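Data first, discussion second: the structure below is written as structure tokens.
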Amino acid sequence: MKSFPLTDSAALAELVCRSALPMDTPAILELTRHIWNGHDYIPVVWQDWLADAEGFLAVAEYGRRIVGMGKLTRLEEDEWWLEGLRVHPDFEGRGFATHIHRYLMQHWQALGKGVIRLATASKRIAVHRICAKLGFQKVAEFSAYEKRTETGGETAHFTPIQPEEVEIALDLALASDLLPLCFHLIDLGWQWARPRLSYLQRRIAAGQAYWWRGRSGLLCVDENKEDELKSQLICWVACALQDLTEFLVDFAQFAAQSGYQKAAWIAPLQPPVQRALGHAGYGAAWDFSLYIFEYRPAAPYRRP
Ligand SMILES: CC(C)(COP(=O)(O)OP(=O)(O)OC[C@H]1O[C@@H](n2cnc3c(N)ncnc32)[C@H](O)[C@@H]1OP(=O)(O)O)[C@@H](O)C(=O)NCCC(=O)NCCS
């Protein structure tokens, strides 16, 4: 069994974090080949991340070797996301990821404001420990559920939300019983955030936002590109809790009619939601869950 030495302070003293550069690309591609049996998504997003002028992409050098990386992403001025934390397997367990995370947080404190979050798997103990050490709180837990779709059946009850309806749609979403059950978070595409007008406007502009059964509910969708079967994903759902089973049945029908083989949702792990998923015929797709961690700086001290 692998042992995890206490922080290697001699090695840490030689670890240099800096802003990523285009010339780091070959080294990052080499590093990520060793992550998750070569299925890391970083090679796909790396060029976009390098070009992201609003966020901050960092690498960590040890000697002349790139051994790690991480990224700050700006979702909105006061809502940020931390992603892409990586350490080469040859250098794990020396405190390098902790150091990179701390470096990114120092940058965020200078660059950003509001709140910063990250997602990590329930089994990724190293990241849980880093979060605990750096003052992050676990605020949500999600896991994926899915259902194979069947063609035929009645027409699904979803109609596109028009741009001029955005405020009414947001009001409906904010008043939904489901929002607290979703930990007040929506899925922006592997990034979770508080619902707000700009996020809904983007979904509407992309043709991914729908009313359900008149104005009884709201649905935003995305496509899951990682799955072998073409699958449509719920990113944002709002309706009365008592209607959720019917909503989910309708969604599977809608996904089928839109040409998808699967209907899926990275859903909050909350008993009423899991019951509705079960009643609607959805099954668990993962044997782990996703934790969302959040960091909010303490309110500044005010003199009484
Ligand atoms: C997760 C990862 C970034 C950790 O990097 P690392 O440099 O080994 O992490 P650190 O050395 O800073 O360790 C952080 C803490 O976790 C502990 N730890 C490290 N690996 C661990 C493991 N597999 N199980 C339990 N604890 C572990 C360390 O002892 C340390 O805890 P401590 O400070 O309380 O002693 C690295 O393993 C990696 O890149 N994995 C693949 C990609 C990935 O999963 N990224 C995270 C996505 S959210």
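Side chains are part of it too, since the values below use all heavy atoms of this structure and drop only hydrogens, waters and symmetry mates. Nothing fancy with the numbering, it's 1 onward along the sequence. In listed order, ligands and their atoms are each counted from 1. Just so you know, these numbers come straight off a predicted model, no measurement behind them.
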Which of the numbered atoms in ligand 1 are under 4.0 angstrom from any heavy atom belonging to [X]?
X: R86; answer: 39 (O), 42 (C), 45 (N), 47 (C)
X: L85; answer: 43 (C), 45 (N), 46 (C)
X: R94; answer: 11 (O)

Q) Is there a donor-acceptor pair closer than 3.5 Å between any side-chain N or O of W80 and the backbone N or O of E77? A) yes

Q) G95 to ligand 1: N or O pair under 3.5 Å? A) yes

Q: Using the ring of F293 (Phe, Tyr or Trp, six-membered ring only), decide whether K138 places NZ or CZ under 6.0 Å from its centre and within 45 degrees of its axis.
A: no

(Q) Check whether W108 forms a cation-pi arrangement with R74 (NZ or CZ under 6.0 Å from the six-membered ring centre, at most 45° off the ring normal). (A) no

Basic-acidic side-chain contact under 4.0 Å: [X], [Y]:
X: E79; Y: R194; result: no
X: D222; Y: R203; result: yes
X: D78; Y: R196; result: yes

Between [X] and ligand 1, which part of the residue brings a heavy atom under 4.0 Å of the ligand: side chain, backbone, both or neither?
X: E92; result: both
X: V87; result: both
X: I130; result: side chain
X: I35; result: side chain

Q) Closer than 4.0 angstrom: is that true for some heavy atom of A119 and an atom of ligand 1? A) yes

Q: Would you check whether K133 reaches within less than 4.0 Å of ligand 1, judged by its heavy atoms?
A: yes

